[in-house]
Amino acid sequence: MRYVAAYMLAALGGNANPSAHDVRDILDSVGIEAEHERLNKVISELNGKDIEEVLNAGMSKLVFVPAGGAVAVSATSGSAAGAPEGAAPAAEEKKEEKKAESEDSEEDMGFGLLDYL
């Protein structure tokens, strides 16, 4: 994934056809050592392809990936379960507060964006 991200950064930077050297330079700039085989595989797969077309093809495949949120929304929506109308918004408010607190505590976790790609 880190190789694809670096390739896309080079492409978005104006290089229509990034080379292995270009991608390696990007990875080196953030302290990642590139593996020769994987880097060449990414370059060979993406070489000569329009990055916009590749992204659009990937996005169309993501339509079929379940997000997992639909079940929770349908289970808590409406008052058909017999709960008073005021109870559901209060529960949602508490969940949002907990989520906001956890996001604040995770701001600086001591690693960089490309460390785990």
Side-chain angles (χ1 to χ4, degrees):
M1 187 69 160
R2 65 184 85 174
Y3 303 106
V4 175
Y7 185 94
M8 291 178 63
L9 282 172
L12 291 172
N15 188 347
N17 197 13
S19 67
H21 184 267
D22 298 329
V23 174
R24 190 175 297 115
D25 286 345
I26 291 171
L27 293 172
D28 286 343
S29 73
V30 292
I32 297 174
E33 190 172 320
E35 295 177 26
H36 185 69
E37 287 180 25
R38 290 184 179 190
L39 178 59
N40 287 335
K41 176 70 173 168
V42 169
I43 296 297
S44 67
E45 292 291 325
L46 294 174
N47 194 17
K49 295 182 181 177
D50 180 28
I51 198 71
E52 295 292 329
E53 290 176 13
V54 173
L55 287 173
N56 288 334
M59 292 297 262
S60 66
K61 292 178 184 179
L62 286 176
V63 171
F64 301 108
V65 176
V71 175
V73 172
S74 65
T76 60
S77 65
S79 60
E85 288 184 30
E92 287 179 22
E93 219 173 278
K94 288 181 183 178
K95 288 180 184 177
E96 288 178 15
E97 286 178 19
K98 286 183 181 179
K99 187 176 180 180
E101 288 176 15
S102 67
E103 288 175 0
D104 290 341
S105 66
E106 296 174 1
E107 282 182 20
D108 184 13
M109 300 206 41
F111 55 85
L113 176 64
L114 295 176
D115 287 348
Y116 298 102
L117 295 178

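Partner of Y7 under the side chain to side chain contact (heavy atoms under 4.5 Å, CB included) criterion, out of N15, L27, I43: I43 alone.
With sequence neighbours left out, the side-chain hydrogen bond (donor to acceptor under 3.5 Å, both in side chains) criterion links S19 to D22. Considering only residues two or more places apart in sequence or on other chains, A10 meets the side-chain contact (heavy atoms from CB on, under 4.5 Å) condition with P18, I26.
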Donor-acceptor pairs are to be reported for all side-chain atoms of residues 50-68 against protein atoms at under 3.5 Å, with residues two or more places apart or in another chain.
from	atom 1	to	atom 2	distance (Å)
N56	ND2	E52	O	3.2
S60	OG	A57	O	2.7

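The side-chain hydrogen bond (donor to acceptor under 3.5 Å, both in side chains) contacts involving residues 39-48 comprise N17-N47, H36-N40, K41-E45, where partners must be two or more places apart or lie in separate chains. Counting only residues at least two apart or on different chains, the salt bridge (charged side-chain N to carboxylate O under 4.0 Å, His left out) pairs with a member in residues 24-35 are E35-R38.
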